[in-house]
Amino acid sequence: MQKTRQPEAPALSQWQQARKGFRWDSVMAELDGLPGGGLNIAHEAVDRHASGALADHVALRWLGRDRTVLEFSYCALSEASNRFANVLAGLGVQPGERVFSLAGRLPELYFAALGSLKHRAVFCPLFAAFGPEPIVQRLQRGGGRVLVTTMRLYRRKVAALRAQLPELKTVLLIDAEQDASADILALRPLLAQASQSYTIGPTDPEDPALLHFTSGTTGMPKGAVHVHQAVLMHRATGSWVLGLQPGDVYWCTADPGWVTGTSYGIIAPFVHGVTNVVDEAEFDAERWYQILAEQRVQVWYTAPTAIRMLMRCGIHPLERFDLSQLRLVLSVGEPLNPEAILWAREALGQPILDTWWQTETGGIAISNLPQLPLRPGSMGQPLPGIEAAILRREEDGSVQELATGEEGELALRRGWPSQFRAYLHEPERTARCFSGDWYLTGDQARIDADGYVWFVGRADDIIKTAGHMVGPFEVESALMEHPAVAEAAVVGLPDPLIGQLVKAYCVLARGHDPDHRLERAILGFARKRLGSAVAPKRLEFVKGLPKTRSGKILRRLLKARELGLPEGDTSTLEEEAS
Ligand code: PRX
């Protein structure tokens, strides 16, 4: 039966009214600011709770892979991050210098993030499942001064390439007992010796705080720079979308190596004074349901790939687990299938609220909200302080706003606090994302008459695999380092579980024959360099690649052919080898 729209109207119109009257000053009034003026994320997230009513409240509840549980109160987290800030001071790290992390979800990763912010260094988390190549490239581009990692990850992924990192002065090994050399130091003894007091220096809201790398469609990854003022967005969305209240138990399953794991796995929950559950282990359906039940999680922020894996595992959670505390389930990062929402209503006893944002937006910009009618398949409504439009880019670089319901590129009017300030060292690439007052997201979407935003796809060749962004160029470059590969093109093919699967097409160099052994060797080679999160899962040998006359590979054509879709405009196509 067709659902009537009348009952939705009051909630929607109230919401539109609330949006109109909104000002960012009202969010600032919910924060403290530094005692001497200025704004620092770590002060808002930890120190102000540590000196208030929440001092002894559990801030971080860490669940070890082996089921060890460690708890850190706001006071303890404040002291541990102070110690880390003092370690940085002792190493001579200056405000604005970059501290990278490459580690699993260990407590020290959280101390390092908050301690770096306190010291006004720029924190740049990397995903531990990256291979050496993406790691070294990001460290180089970001000019990493300090790297916080573990013995295993350092040995396997960084040590051999250290000579390529002249700016990297110190490596801090979380799990080492003793220093390995003058510049490879054991972190825990350093933390133990450091003072637990630290006074945050003057921090301008516009001072850089975080650097998150994200993939581009052409070229190498871009470093999106975020500033301390972003905390306003984390505060606001933590209330509007996640509905966080001090004392809540909250779990965000994202790894801090990606923006969700920092904005909503570190900053937003602590800013709201909740107990933030962190699980060291990887996905495991049984374990995840146990965590939800045993930890009495109230708000759960996860991702569509994980939800699809839960849908497949055959467990009926409500029959075996007490999820009565669970108040809100949300997801981000890729399209959330409407079937997943239907499944969740049955399986979890409530729908899943889809949220949309990007590394560049720094925080949730569009979202479904508990008080608004849910339209499965839609990403929801632009939040207060966010103006969204659908634009078409014209040949001359100008943009035209499209009418309600028309498909085009999703754009946001610039000016929200957590908007990235620039791609590091790349003013031209930064400028290309803007047209006048509009930031162009690279996503194709449409907005319906009631303001709901519907995702259509990417406007470029970027691949989303298991929720992780992969730039085809980065993968193609690594494949071409294999002596047998003359040319490579990489696309994302639809996959029912992980959203998109990375597939490579390779043209072989003279003297190499296509066979399974070579296929396996090239895939293994790519996995070793790029890591499992980025490397192609499939490979096909081809005689030639479709290219424009100017030599640009037409990835969309490869994808269309693979999927049996119309090839679209091929007027610029150069002759292909057959
Ligand atoms: O294409 C959109 C997709 O993920 C991109 C941003 O990826 P990243 O910068 O890695 O940040 C991910 C988490 C914030 C977007 O440009 N995306 C994100 N959320 C959704 C989505 N696609 C569809 N539906 C969503 N809810």
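Quick note: numbers below take in every heavy atom, side chains included, and nothing from hydrogens, waters or symmetry partners. Sequential numbering from 1 along the given sequence is applied to the chain's residues. Both ligands and their constituent atoms are indexed starting at 1 by order of listing.
The residue from Thr359, Leu410, Thr214, Val259 that puts a heavy atom closest to atom 9 (O) of ligand 1 is Thr359. For atom 26 (N) of ligand 1, the choice among Thr355, Thr441, Val332 with the nearest heavy atom turns out to be Thr355.
Heavy-atom contacts of Asp443 reach the following atoms of ligand 1: 1 (O), 2 (C), 15 (C), 16 (O) (cutoff under 4.0 Å). Proximity to Lys464 (heavy-atom distance under 4.0 Å) selects the following atoms of ligand 1: 3 (C), 4 (O), 5 (C), 6 (C), 7 (O), 8 (P), 10 (O), 12 (C). Atom numbering of ligand 1 starts at 1 in the shown order; those under 4.0 Å from a heavy atom of Thr260 are 13 (C), 14 (C).
Nearest non-hydrogen protein atom to atom 25 (C) of ligand 1 is Glu334 O, 3.5 Å. Remark: minimum distance from atom 20 (C) of ligand 1 to any protein heavy atom is reached at Trp356 CD1, 3.5 Å. At the shortest separation from atom 3 (C) of ligand 1 among protein heavy atoms lies Gly333 O, 3.4 Å.
Under a cutoff of 6.0 Å and an axis angle of 45°, Arg414 and Tyr439 do not form a cation-pi pair.
When each of Lys464, Arg308, Arg458 is tested with Glu334 by the rule salt bridge (Lys or Arg N to Asp or Glu O under 4.0 Å), just one qualifies, namely Arg308. Tested against Glu474 for a salt bridge (Lys or Arg N to Asp or Glu O under 4.0 Å), the candidates Arg529, Arg138, Lys222, Arg141 yield a single pass: Arg138.
At least one heavy atom of Pro335 sits under 4.0 Å from some atom of ligand 1.
Of the charged side-chain nitrogens involved, at least one lies within less than 4.0 Å of a carboxylate oxygen, so that Arg287 and Asp279 count as a salt-bridged pair. Salt-bridge formation is not detected for the pair Asp461/Lys559: no Lys NZ or Arg NE/NH1/NH2 atom is positioned less than 4.0 Å from an Asp or Glu carboxylate oxygen.
No close placement of the Trp356 and Phe455 rings is indicated, their centers lying 6.0 Å or farther apart.
Distance alone, capped at 3.5 Å, is enough to place a donor-acceptor pair between the Glu409 side chain and the Gly442 backbone.
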